[in-house]
Structure formats: structure tokens, C-alpha cells
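Reminder, nothing fancy here: chain letters follow the sequence lines and each chain counts from 1.
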Amino acid sequence: MSKNKYTIFLFLIPTLVFGILLLYFVVYNVYYSFLNSSATVLQAKFVGLSTYKELFSNSLAVASLKRSIIWAFVLIAGANIMGILFASLIYFLRNQRTRTVYTSIFVYPLAVSMAASGVIWTWLFNIHDGVDYIFVRIGLPRFPWLDSPATAFPSLILVSIWVFSGLASLFYLASFQNVSKDVVESAKIDSASSFRILKKVLLPESKNAFIVSTAIIFIFALRFFSLPYVSSLLNPYTETSVENLYTLYTSLSFSESSAESVIVILIALVVVIPFALYGIKRWLAND
Amino acid sequence: MIKNRNKNINSIKSTKSIKNIKRVIHNLILVIFSILWLFPIYVMLVDGLKSVSGVLTTPILFPAKSSLGPLITVSVALARPIFNSIVYTVPTAIISTYVGAMAAYYFYKKSRMINTLLFTIIAIATFVPYEITLLPLTGFISSIGLFNSYLGIIIAMLIFYLPTGALLMSIFLAVMPKATLESARIDGANDWTIFNKIIIPLTMPGFISTFVFILIESWNNFFIPLVLVTTPGMNSASLALMSYTGGYGTLYNESFASALVASLIPLIIFVFLGRYFIKGFQAFGTGKKG
Amino acid sequence: MVSIKLNNVSKIFKKGKTEFKALENINLEIPNNSFFGILGASGAGKTTVMRIIAGLEAPTIGEVLFDNTLVSKDNVTIVDPEERDVGMVFQNWALYPHMNNYENIAFPLKVKKWTQDDIVKRVYDLSDILGIREVLAKRPGEISGGQQQRVAVARALAKNPKFLLLDEPFSNLDANARDDARALVKKVKNDLGITTIIVSHDPADVFALAEKVAVIFRGNLVQVGTPRDLYDYPANEKVAGTLGDINIIDFDLREKNGYYDLIFGNFIIPGIRLPNNYDNNKITAGIRPEDIIIEKNMETKQDDEIQLIGEFQVSTVNYNQGSFAVVLNVSETKIKGISREPVFYGEKVKAYINKSKIKLFDYKSKNVMKPDEELAKN
Ligand SMILES: Nc1ncnc2c1ncn2[C@@H]1O[C@H](COP(=O)(O)OP(=O)(O)OP(=O)(O)O)[C@@H](O)[C@H]1O
Ligand SMILES: [Mg+2]
């Protein structure tokens, strides 16, 4: 009688299959990390946590994990600060068109691939022909950028801030615009300065923007691969954890690569699960 | 009295000029940051079009005699990778959005506990850093015999972007009034008709947002082609940039030209459909229709 | 054309751990070709009844039958809404905003795979009946509320449904458009002779349209009957209120040789009969405003039925379609009556009451007590 009753499940199946496949990959990594599969082992077998021990005694892997976390946190700080700055500069513009133009200018780096950004910024960081050319002409010291182990990683962080500040500003701008116009107008009539309005009225209402931009940037930061890969290849001073697990994989240390994957997932889940649930709550509230 | 009035007028004048100064500073800061942010575009255009003699005589920051030479050389070299990228990403974005929308329709229609769980799985899948699947992904794609193939890349991309499509479309669908769906049922339409004739047209802006978001994200995905193809002829645009990364002896005009050519399609999309891309990102973050 | 039967239908909504009983044990039979009304306050469960009939919800317990065929039962939808062949006009019309009005009306026909020619003819015929021919090329967002409502009716009727469900179809219209719309719906229903159910919280809809009406109160079916019967003989205080404005007053009782005086401050109704076994010293009475006649000068003739109650002060006055709704202030309570002539705030006026129209309710249960005459016969 009800021939349509079950067709609706067909709508879900493809997505579910692919989603489950992805989660299966995650679980597979967990399984594989308990083996000792590598080029030197003919028949991989279960070794418990010993691959993890190995991973944690691998100083490059540990450094890359630390670096990814540091990158995420510094980027979150930088992008949030710049995001707030941009959002407030844009918010106090009167003309809607100029707002749109500036927003686009700050957001467009997201549309450029990280690989292309890497190519561009590597050249801009060139100590002869890049921005140093001007530094030297105006009497500043030549900055080593990617050429020195100490400055290479911070230089890449700067590039990532260039990419993600616009994204953060989107969320803050949306929050600011949610604040009732009347409140802002009445503050203006009380001749509060823009800075005061920002501090007393707009920012206190921006908790959600902070949560969202932090979570999203964290998720993206853990994925950083092509920017360091393109600008400095697999360089021990800029290598991220996902690059390192790729290095381990290409050097045929399969289980160690899986173990590092698992660590990255665990780091991601700390942020992803609360964030996903937070998103779902909103989704359900929409219902 | 008169003195007082003068004072008042003066203070009004001075607050006015303070306001003007503030406005100038406000705009100045915006302009300075805009210049900083647009700088890479500037150098891509100036240096991507620089002649060899220009490269040898001027630094990156300054314009010089222009030439289409590097752009043509690079375009020829990148034609195949760009074609590949189109083959990888357009089907990925269409399928992810359309099939993702189907799942979204399912969640929209059926909202029970079990579906909240399924939805959670899909949301988490969306946020997983895809690089961590390296080992199982390459294993899986090889085992189905699709290593080094277009289909292999598309399937791999779908694994990551289909959940994204479902998540975004669920967010865009959530604001549609249920009564519209119900009146279509009363009118005798089955799910398939409702989906194609009602849901898709009504969520078209969200559909475009999701499509653009996935298209740009997958276009810029470097990792999946890196690990799933080995023959240079299968390189994506992003991957092909590797041969222009510079180092001593390379001429930078070709590097910038290559970055320009490889980014052209996402940038053009951004210029024309930027607001959809932004809405996609906002939905991705806030779970709300931006 | 079909008769609809609800057997012991209950509907429970679960949200998390909390359960909400939206309908309880509803039994209803809607005869073939009738115009049936369902009346109830907001949140009473009217839309839920309609949605269960349409198949958009399944009853948690109970059965729904169309012409003795089971269509849903105990949480199972046996026949899906898309196969029930009903026409429905939603509370907010739910037109498809991305289609123009023509496409809206044609949609159910396209789904049924009618030929292009048949569709065109059907849409034009309906549009002519409903007077929306000129707006067919526009989208729903570009036409007035009244026109949208007509488009919604046309869409619902397009496929010749077995029956028509109207969920507060007039609530989004202003007063004038509402009168026109009622007339139109009545005409269409008469012309097509199709079983029609209208749900409303406005008794005016039901009086204008329905042959029979069911009153729902908090998910319970309290009374079924003709609108007139329910108006004059409500089963309880709530039905009385649902069918129209009514003063509900708790009176003290004073016995006088077998009859009772109903006393509320200086508002005293003399000579009322009560059942012998009535054992409370208070009683609840419902008096419709039109049964309290307000006069400034003594003109109204008194008889057995119409009696003078007393003199009161006017608290507020509202002009309303040829008469004045007067609110009297009686012992801090507002009592509504009707005056033919203008009266003004603060004036002293006389109030008469039509005794035969007083509805008496048991003070405790608030259920109706048998009218006077029947008591007298016993
Ligand atoms: N899907 C649902 N989930 C939970 N509760 C519901 C749901 N649908 C209706 N209810 C509740 O059931 C009760 C009856 O709702 P219904 O919509 O049938 O009322 P109604 O009589 O049509 O009211 P109105 O005149 O306001 O349209 C309400 O208290 C409502 O909150
Ligand atoms: Mg209702």
C-alpha cells in the first residue's frame, strides 16, 4: 500500500555509506596503530602500545605534533584579533557596498589555494627580491624569514593569519549585526565613542563568534599541509603533524604513521566533538 | 553671553573636525590593511606578467616591462593539470551538493533520535582532518583498482565532501517551513518529486553556497591528488604548482604566473559568487543560514 | 466523496521525556457530502485532528477510516497522505513561493500526470470560479492575502479530491475579505458537493458554513451538533464560551417556595427552577450579551421571560454592527449586555434579562443542567 514509505531511506544511503567509510578509515587507523607494520617487518603483528612508544621517542614526530598545536593556538589568537579588528572597522562603515568590498578583500585568501599562497609568499619572503628589498632600502635589517630555522615557522604562521583573519571577521561581523540597532544607536546618541561601543556593546555579544571561529580555525589548522609543504618541502623546522605522518608513510613506517593519525584525531576530537554537538544543538533548534 | 556662544560654536566646530579626523583615520586603517591583504594579488599580476629582463633588473615589489611570455608558458604547462582539476572537482561538487541535499531532505523529513545520531556522525565526519586517513584511503582506493585514476580521486573526494554537502544542505534546509513539504505530500507528490520540484528550487541559494564552497575547497585540496596519483599527467592544478616553488635559479615571473593561473578559477568564482562562498562558510561554522 | 470516521483516536506528542496528550479518545463521524466544522480555542488540538485525517500524523492510538477502509491505526499510517486524495488548505496556505499561481494550482495535476490540455482547462475553470484568472502569472508573494487564499483553495480542489480540509483558512484575512471568502467557500462546496471539514477558533466561520460542528477542548471532544444547538444548549461552560461571547457568573442561591433567586451583588435573577437534588449553595450561569438588554428609559415590556434585573453603572461601551456592547460594573465584575441606543460611560442604565436563555451549569462540574421547562414537566 505505502510504496513510498521506504524510498526516503534511499535518500540517506549514499551519504551514510561515505560518512561511515570515513569513520571506518578512522577506526582502521586505530587498529593499524597497534600493529608494527613497516618496511622492515614482513608479517605485521599486534604489539599493543609499543608503536606509540616509538612514535613518542621520534623527536621529529613529537616536534611536529607540538608545532601543529602551537600553530593552531597562535593562529587562533592572531586571526581572532585581526578578525575583531576587521569586523569592527567594517561594522562602523555606513555604506553597504563599501562594507561588502572590504569584506571580500579580507576573505578572498580563503579562495586561493594554500599551495598557491605558498608559492607567492615564498617569493615575497625571498631575502633578496622580496619584502626584504624594501626593508634594506629603508634601513631595516634584512629579515631571514624562511631562511632561518628560527623564523621559518613564524613566517608561515603569518601567512596563515593572512588567510584566516577574514574568516574570523565574518563571524564577528555577523555577531555585531545581530546586536539590536537600537542599542547601538542609543549608545551613539549618548556620544559613546566607537571604541566604547565596541567594548561595551558589541564584543560582549560575540561569544558565539569566538567559539565558532576558534573551532573552525582549529579544525583547519590541523589540516595544514600544502602551505609548509610547498614553501619549504618536508623541512623539520616547519613540518606539521599531518606532514609528518605523510613522511612516516612515505618512509614506509606505516603503523607509526597510523599512530600519529590517531593522536591527531584525538587532538581534533577535543574540539570537534563539542563543536559538532554545539552545531547539532543549533540544527535541532532550527527544527 | 556672547563669549559663551562663541565657545559653543567653537566646540561644535572642533567636535566636527574631530569626527572628520576620526573618519579619515578609520578609512586609512582600512586602506592600509586592504593594501597588505591585496599585496599577493598585486605581485601575481605584476610579476606574473614580467619579462625576463624585468625579472633580472627589478625586485618583486616593483613593476617592470611586461610580457605575456611567462603567462603563456605556464598556461601551456598547466592546461592539463587545470583540466584534471576540473574533472576532479566539478563532479565532486555537484554530487556532494545534490546527494548531500538528498540526505539533508531525509533529515529534514524524519527527525527522530536515531537520525540525530546519524546526523552527528555526518557532522563529525565533516570535521575530521582528512590527511589522517592517508593509510586506509590509499589502501582502499588501490584495492578497488582506482589508484591513479580520475574516478579514484572523485571517490576519495566524495568521502570527505559528501558529508560536508549533507551538513551544509541540512543547515540550509532547516529554515524551510514544514508546511511546504506537507502540502506537496497532500498534492500527491512522492519524495522524489518533492525533492526535485520543491526542495531543490526552494533552497537554491543554499544549494549554490554549498556547491561553491565544496568546489573551491576541493579545487584547493592538495593532499588527495598528492597521495592518489603518481603520474604527472594526473596532477591537479595545486599539485602542479610544486614545479614552480622557486629556489635558486628559478625565475620568479613563472612562479607568480603559475600561482595566478592555478588560482584563476577559484578567484573568478569568488568574484562572481563570493557571497555564496561566504554564506557557505558561515553555515559551516555557525550552523545557521548566514 | 467519502465519509470519515475516527474511532477512539488519541494523539500523544513526545518531546524528550515529556509527553503531551494533544487528543484524547476522539470519536467522530463525518458523513458523506457534509460540511463539518471543528471548533476549539487555540491549542485545543484542531489542527492535529485535521493532520490525522490528512495522514500527516498517525494517531498514537485509535483508527481512522474512510468509507470503512482503514487508513491509519495505532501509530501506523496505512495510506500515506499522497495517496489519500485529500485537498487541504493550510492555516498559512503553504503555497509554493517559487512557482507562479498557475503552477501552484497545476502542481497536483502534473504529479498525477494529467495531459497538458486537461491541466490548462482545469486550472482555468477553477480560476474562473474563484476569480483569480488575472493573477495566475504572478507568484503567491505578489498577490493579496485573499487571492492567496483562493489560490490555495484552487490548488486543493484541482485534483477533484475525495474531500476538502480547511485549517483556519480565513484567519489571515481582514474582516471584509473574510466575509467574501466564506461566501465563496460555501458556493464552491455547494457546487461541487464535496465532503468538507473546516477547522476554526472563530464561531462565525462555523455559523456561516458548517451543518454540523464538533467542539474540542484541550484535546477532548465535548459536544457535536448543529451550530444552533450548541449555541443554545452548550454541554458545559467551555462549549458555551467557545461558541460565542458569554458572561459566566457564579451566583449565590436563595430559595423561595421551590424557586430560587440567583444573586450576584445587586444583580439578582428571580424565580429560577433547579433540580431537587441540587445540593450546592452556589450555581454557575452563562448569559450571552444579547440576552442582557440594556435600556436607559423603561421601554422594554416585561413578561415571564424578559425581566428587569436592576440599575447599573456603565463601565465601557463599544459600537458593534448596529448595536452597542455595554459593559456594566457589577460588584467589581464586568458584565456584558447589548443596547439599541447609545449610552455613555458612567450613566445609570436598566438591565433586563431573557430568563429562558440562561444556561445553568453545575457549580462543581460546570456541566449543563437541564433547562427549566423539562424540570417543570418532571
Ligand atoms: N508536533 C508537535 N509536537 C509537540 N506538540 C505538538 C505538536 N503539534 C501540536 N502540538 C501541541 O498539541 C496541541 C494542539 O495543537 P494544534 O496545533 O492541534 O492546536 P490548534 O487547535 O490547531 O491550535 P491553533 O488554533 O493555535 O492552530 C498544542 O498544545 C500543541 O502545542
Ligand atoms: Mg491550528
Between chain A and each of [options], count heavy-atom pairs under 4.5 Å; write down the option with the most.
| options | value |
| --- | --- |
| L173(B), I95(B), I269(B), T138(B) | T138(B) |
| V212(B), N221(B), I216(B), L36(B) | I216(B) |
| P163(B), S34(B), G274(B) | S34(B) |
| D47(B), L137(B), T58(B), I122(B) | L137(B) |
| E217(B), R275(B), M102(B) | M102(B) |

**Study point:** R137(A) NZ/CZ over Y133(A) ring centroid, <6.0 Å and within 45° of normal
**Key:**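 Flagged: R137(A) positioned over aromatic ring of Y133(A).
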
Exercise for review: Decide whether a cation-pi geometry holds between K50(B) and Y252(B); the criteria are a distance under 6.0 Å from NZ or CZ to the six-membered ring centre and an angle within 45° of the ring axis.
Suggested key: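 Geometry flag: not set, cation outside 6.0 Å or 45°.
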
Among [options], residue most engaged with chain B (heavy-atom pairs, under 4.5 Å):
| options | value |
| --- | --- |
| V26(A), L167(A), I20(A) | L167(A) |
| L110(A), V107(A), I134(A) | L110(A) |
| W121(A), Y24(A), F254(A), F171(A) | F171(A) |
| T98(A), V112(A), V17(A), I211(A) | V112(A) |
| T122(A), T103(A), L170(A) | L170(A) |
| L93(A), V262(A), T100(A) | L93(A) |

Check your understanding: Taking atom CD of E260(A) and atom OG of S255(A), what is their separation to the nearest 0.5 Å?
Key ->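 The CD atom of E260(A) sits 13.0 Å away from the OG atom of S255(A).
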
Point to revise | Value rounded to 0.5 Å, distance of CD in Q282(B) from CG in L173(A) | key: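 Going from CD on Q282(B) over to CG on L173(A), the span is 8.0 Å.
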
Specify whether [X] and [Y] have parallel, tilted or perpendicular ring planes, treating 30° as the upper limit for parallel and 60° as the lower limit for perpendicular.
| X | Y | answer |
| --- | --- | --- |
| F225(A) | F222(B) | tilted |
| F213(B) | F281(B) | perpendicular |
| W162(A) | Y108(A) | perpendicular |
| F11(A) | W192(B) | perpendicular |

**Study point:** Contacting region of L38(B) [heavy-atom separation from chain A under 4.5 Å]
**Key:**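 For L38(B), the contact with chain A is made by backbone and side chain together.
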
Practice item. Examine whether an atom of F223(B) lies under 4.5 Å from a heavy atom of chain A, and if so say whether it belongs to the side chain, the backbone or both; otherwise answer neither. Key: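 Side chain of F223(B) only, per the 4.5 Å heavy-atom cut-off to chain A.
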
Check your understanding: Below 4.5 Å, heavy atoms only, C-beta onward: do F160(B) and T126(B) meet side chain to side chain?
Key ->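 No, too far: nothing below the 4.5 Å cut-off.
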
Review point. Do V270(A) and L266(A) have side chains that get closer than 4.5 Å, going by heavy atoms?
Key: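 Contact flag for V270(A)/L266(A) side chains = no.
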
Point to revise | Criterion side chain to side chain donor-acceptor pair (under 3.5 Å) on W123(A) and S255(B), from CA distance to verdict | key: CA-CA 8 Å; W123(A) 274 109; S255(B) 296; 2.8 Å; yes

Check your understanding: Does the separation of the ring centres of F39(B) and Y42(B) fall below 6.0 angstrom?
Key ->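 So the answer is yes for these two rings.
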
Exercise for review: Select all residues of residues 260-267 of chain B having any heavy atom within less than 4.5 Å of some heavy atom of chain A, and report them by number, or 'none'.
Suggested key: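 Residues of residues 260-267 of chain B touching chain A at under 4.5 Å: S263(B), P266(B), L267(B).
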
